[in-house]
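Position 1 is the first residue of the sequence; numbering continues from there.
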Amino acid sequence: MVKFMATIPRQKLRNCIQCGKVFLSKDREELCNDCKASYYELAEVVKEFVKDHPGSTVNEVSSATTVSKKLIQRMMREGVFMDIPMGDNFVYPCASCGKPIKTGTYCTSCLTRLRKETQQVAERMQIRVKEGTSTIKRLDMMAQREFDQEQRDRRTYRVGLKNITRQ
């Protein structure tokens with residue numbers, strides 16, 4: 001007998017990082033529907049400016065559109081401008097080393113380093129498997145705690161980006 005289970009999207013009550021309103025979040029959304037609409041409107045304003053002025057810097061775009069620099073950098077990290085040809089001046093710093101990048105959070109060299117470190121940790125965990133399962137459980141709990149702390153740190157950083165609306 002084959003059972004079919006309907007996949008229900010995971011929803012969670014969250015506070016909007018901009019206005020603080022409680023909403024049902026799907027797929028780790030951080031903005032309520034109203035703030036998300038405002039975000040997309042501002043993204044369109046920035047996109048239009050960047051299309052009209054391709055060699056502009058983040059500071060120039062911020063001052064011309066009155067959209068905060070942090071929000072523009074967040075849009076860049078999320079890939080909002082992937083389809084727009086941008087100049088070499090439209091960059092922001094890598095979260096790890098500070099090297100100028102155009103998309104994502106980390107530069108390619110930091111990503112490579114992080115992948116190597118992750119692979120080394122995975123190899124160490126495989127060695128621990130042979131020693132005993134209680135060690136594995138402890139390592140899993142430690143890794144989960146570190147992951148949760150990293151997520152809290154990211155949320156704390158994102159809460160600092162509350163100035164999403166025009167100034």
Partners meeting salt bridge (charged side-chain N to carboxylate O under 4.0 Å, His left out) with [X] (sequence neighbours left out):
{"X": "Lys36", "answer": "Glu29"}
{"X": "Glu44", "answer": "Lys47"}
{"X": "Lys69", "answer": "none"}

Please report, to 0.1 Å, the donor-acceptor pairs under 3.5 Å made by any side chain of residues 112-120, with sequence neighbours excluded.
residue: Thr112; atom: OG1; partner: Thr108; partner atom: O; Å: 2.8
residue: Arg113; atom: NH1; partner: Glu117; partner atom: OE2; Å: 3.3
residue: Arg113; atom: NH2; partner: Ser96; partner atom: OG; Å: 2.8
residue: Thr118; atom: OG1; partner: Leu114; partner atom: O; Å: 2.7

When rounded to the nearest 0.5 angstrom, what is the spacing between [atom1] in [X] and [atom2] in [Y]?
{"X": "Ser109", "Y": "Lys99", "atom1": "OG", "atom2": "NZ", "answer": "3.5 Å"}
{"X": "Met76", "Y": "Ile101", "atom1": "CE", "atom2": "CD1", "answer": "8.0 Å"}
{"X": "Gln18", "Y": "Asp34", "atom1": "CD", "atom2": "CG", "answer": "9.5 Å"}

Specify the closest pair of heavy atoms between [X] and [Y], including all atoms of both residues, with the distance to one decimal.
{"X": "Met75", "Y": "Leu42", "value": "CE-C, 3.9 Å"}
{"X": "Cys32", "Y": "Cys16", "value": "N-SG, 3.5 Å"}
{"X": "Cys107", "Y": "Cys94", "value": "N-SG, 3.3 Å"}
{"X": "Ser62", "Y": "Val67", "value": "OG-O, 2.8 Å"}

Less than 4.5 Å apart, side chain to side chain, heavy atoms only: is that true for Leu31 and Phe23? no

Please check if Leu24 and Tyr39 belong to a single hydrophobic cluster, counting links between Ile, Leu, Val, Met, Phe, Trp and Tyr side chain heavy atoms closer than 4.5 Å.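 Looking at the clustering, Tyr39 is in a separate group from Leu24.
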
Taking ring-ring contact (aromatic ring centres under 6.0 Å, His included) as the definition, give me every residue that meets it alongside Phe49, ordered by chain and number, with sequence neighbours left out.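 Result, ring-ring contact (aromatic ring centres under 6.0 Å, His included) vs Phe49: His53.
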
Name all residues meeting the side chain to side chain contact (heavy atoms under 4.5 Å, CB included) criterion together with Ala95; count only those two or more places apart in sequence or in a different chain, and write none if there are none.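 Checked Ala95 against side chain to side chain contact (heavy atoms under 4.5 Å, CB included); matches are Thr105, Tyr106.
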
